[in-house]
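Here is the structure we will look at, set down as structure tokens.
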There are 2 protein chains.
Amino acid sequence: MPALDSIFHALADPTRRRILTMLLEDDMAVTDVADPFEMSLAAISKHLGVLTRAGLISQERRGRLTWCKLEPQALKDASVWMQGFGQFEPVDLDAFEDFLKREFSEPDSEEDVTTPSPLP
Amino acid sequence: MPALDSIFHALADPTRRRILTMLLEDDMAVTDVADPFEMSLAAISKHLGVLTRAGLISQERRGRLTWCKLEPQALKDASVWMQGFGQFEPVDLDAFEDFLKREFSEPDSEEDVTTPSPLP
DNA sequence: CGAAACCTCAACCATACGGTTGAATATGCT
DNA sequence: AGCATATTCAACCGTATGGTTGAGGTTTCG
């Protein structure tokens with residue numbers, strides 16, 4: 001439903017990717033999402049708007065809290081688009097480790113955890 | 001090596017995604033890449049620059065032609081990042097068909113082929 | 001050599017992006 | 001009712017983005 005444009009655009013920001021990884025653990029209220037960031041609440045609210053319009057999360061108001069929930073379907077759309085290129089073999093969890101290795105060994109660009117951590 | 005920022009940013013533009021799908025078929029010279037677009041050559045050249053800096057393609061000059069070649073490793077990085085979310089099951093080619101179905105049934109946003117076509 | 005083909009560079013423009021601050025709007029608590 | 005909490009809205013600002021046009025540098029070919 002949401003276009004690839006908005007999905008990829010949403011994923012192109014490290015703050016938003018980090019928000020997604022936070023939501024991977026559990027649903028969160030907006031203020032709690034904003035807590036670890038050194039940025040105004042309004043800025044985070046905007047980021048959440050971008051993620052919502054991309055369909056990557058949903059926001060449901062319950063009481064005075066607005067709960068943010070990961071919506072993996074949009075991510076899946078984008079993932080499937082990339083898989084459609086078919087140039088590389090199916091999901092390879094080793095590849096994720098490889099990726100992390102390269103991400104951390106080369107002091108490339110960002111600093112913090114903009115990557116999910118499904119490795120237990 | 002290229003950060004997720006630049007990869008996802010590069011993927012967020014329909015022109016650039018379409019270029020990638022074109023390069024899926026074969027390597028191409030810049031002018032030929034630009035041909036189907038209603039846009040100046042300089043604009044396409046810029047798009048190719050974005051794709052190159054993201055590591056999604058490489059450009060090699062041979063004679064007076066500059067050949068553009070798909071570089072799937074960067075795509076794989078991004079794909080792996082998404083797979084890291086692990087919320088959805090491994091590569092599911094049916095999902096790609098589902099995606100196309102939804103993409104074409106709902107007159108959502110874009111019009112043309114910004115998706116690869118690995119279905120023979 | 002000179003002209004044409006191929007591509008990038010530079011300057012410019014309108015619009016979008018990511019952030020800020022301050023006011024506005026719910027909702028819940030006492 | 002009244003106040004604190006939670007979230008968004010609105011206006012603003014600097015910078016980036018995606019496009020244009022025109023000039024410039026290589027390479028090939030007649």
Side-chain angles (χ1 to χ4, degrees), chain A residues 2-20 22-23 26-69 109-112 114, chain B residues 2-20 22-23 26-69 109-112 114:
Chain A
L4 288 175
D5 277 30
S6 51
I7 297 177
F8 283 128
H9 168 71
L11 292 177
D13 184 282
T15 300
R16 290 194 287 262
R17 285 200 306 278
R18 195 167 144 203
I19 290 175
L20 290 179
M22 290 165 60
L23 293 177
D26 216 343
D27 298 358
M28 297 178 77
V30 175
T31 307
D32 295 324
V33 170
D35 205 50
F37 295 94
E38 292 181 339
M39 183 185 308
S40 70
L41 184 59
I44 297 294
S45 181
K46 280 194 193 177
H47 280 302
L48 291 172
V50 171
L51 289 169
T52 299
R53 278 188 296 280
L56 288 163
I57 68 170
S58 58
Q59 288 181 279
E60 185 197 356
R61 175 147 203 172
R62 233 150 49 204
R64 61 176 165 178
L65 297 187
T66 300
W67 291 94
C68 304
K69 182 175 172 306
S109 55
E110 284 99 49
E111 62 305 327
D112 53 349
T114 53
Chain B
L4 289 176
D5 278 29
S6 51
I7 297 176
F8 284 128
H9 168 70
L11 294 176
D13 184 281
T15 300
R16 289 193 289 262
R17 285 200 306 279
R18 196 167 144 204
I19 290 175
L20 290 179
M22 290 164 60
L23 292 178
D26 215 342
D27 300 358
M28 296 178 78
V30 175
T31 306
D32 295 325
V33 170
D35 205 51
F37 295 94
E38 293 182 338
M39 180 182 314
S40 71
L41 183 60
I44 297 295
S45 180
K46 279 193 192 177
H47 280 303
L48 291 172
V50 172
L51 289 169
T52 299
R53 277 188 297 280
L56 288 162
I57 69 170
S58 58
Q59 288 180 280
E60 185 197 353
R61 175 149 202 172
R62 246 172 13 226
R64 61 178 166 180
L65 298 187
T66 300
W67 292 94
C68 304
K69 180 176 175 302
S109 54
E110 282 98 52
E111 62 305 329
D112 56 349
T114 53

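Chain letters run A, B, ... following the sequence lines, proteins first and then strands; every chain starts at 1. In what follows, every heavy atom counts, from backbone to side chain, and hydrogens, waters and symmetry copies are set aside. Bear in mind the structure is a predicted one, so any value in this text is a computation, not a measurement.
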Distance, rounded to the nearest Å, where [X] contributes [atom1] and [N] contributes [atom2]:
{"X": "B/Leu11", "N": "D/dG18", "atom1": "CG", "atom2": "P", "result": "12 Å"}
{"X": "A/Arg53", "N": "C/dC17", "atom1": "CZ", "atom2": "P", "result": "9 Å"}
{"X": "B/Gln59", "N": "C/dC6", "atom1": "CD", "atom2": "C1'", "result": "12 Å"}
{"X": "A/Lys46", "N": "D/dC13", "atom1": "NZ", "atom2": "C1'", "result": "11 Å"}
{"X": "A/Leu65", "N": "C/dT27", "atom1": "CG", "atom2": "P", "result": "12 Å"}
{"X": "B/Leu51", "N": "D/dG18", "atom1": "CG", "atom2": "P", "result": "10 Å"}
{"X": "A/Arg61", "N": "C/dG28", "atom1": "CZ", "atom2": "C1'", "result": "11 Å"}
{"X": "B/Asp32", "N": "C/dA5", "atom1": "CG", "atom2": "P", "result": "14 Å"}

From D/dG18, C/dC29, C/dA4, nucleotide with atom closest to B/Arg64 side chain: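 Nearest listed nucleotide: C/dA4.
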Checking C/dC29, C/dA5, C/dC7 against the side chain of B/Ala29 (C-beta onward), the nearest is C/dC7
Under 4.0 Å from any atom of DNA chain D, heavy atoms only: list the residues of residues 36-44 of chain B that qualify, in numerical order. B/Met39, B/Ser40, B/Ala42, B/Ala43
For A/Arg62, report the nucleic acid contact type (base, sugar-phosphate, nothing); a contact means any heavy atom under 4.0 Å. nothing
Could you check if a side-chain atom of B/Met28 sits within less than 4.5 angstrom of a side-chain atom of B/Ile19, using non-hydrogen atoms only? no
Do the side chains of B/Leu20 and B/Leu11 get nearer than 4.5 Å, heavy atoms only?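 Touching, per the 4.5 Å side-chain cut-off.
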Of all the heavy-atom pairs spanning B/Ala54 and B/Ile7, show the shortest one and how long it is.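 Heavy-atom minimum between the residues: O-CG1, 3.6 Å.
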Among B/Arg17, B/Arg18, B/Arg16, salt bridge (charged side-chain N to carboxylate O under 4.0 Å, His left out) partner for A/Asp5: B/Arg17
If only atom types and distance count, is the side chain of B/Thr52 paired as donor or acceptor with the main-chain N or O of B/Leu48 below 3.5 Å?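 Yes, the answer is positive, given that a donor and an acceptor are paired below the 3.5 Å cut-off.
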Which sits closer to the 5' end of DNA chain C, A/Asp13 or B/Leu48, going by the nucleotide each is nearest to? B/Leu48
Side-chain N or O of A/Thr31 closer than 4.0 Å to phosphate OP1/OP2 of D/dA6: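 Looking at the OP1 and OP2 atoms of D/dA6, neither is under 4.0 Å from any side-chain N or O of A/Thr31.
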Sort out for me which residue in A/Val30, A/Asp27, A/Asp26 forms a side chain to side chain contact (heavy atoms under 4.5 Å, CB included) with A/Cys68. A/Val30
Enumerate the salt bridge (charged side-chain N to carboxylate O under 4.0 Å, His left out) contacts for residues 30-39 of chain B, please, sequence neighbours excluded, ordered by first and then second residue.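 Matches after skipping sequence neighbours: none remain.
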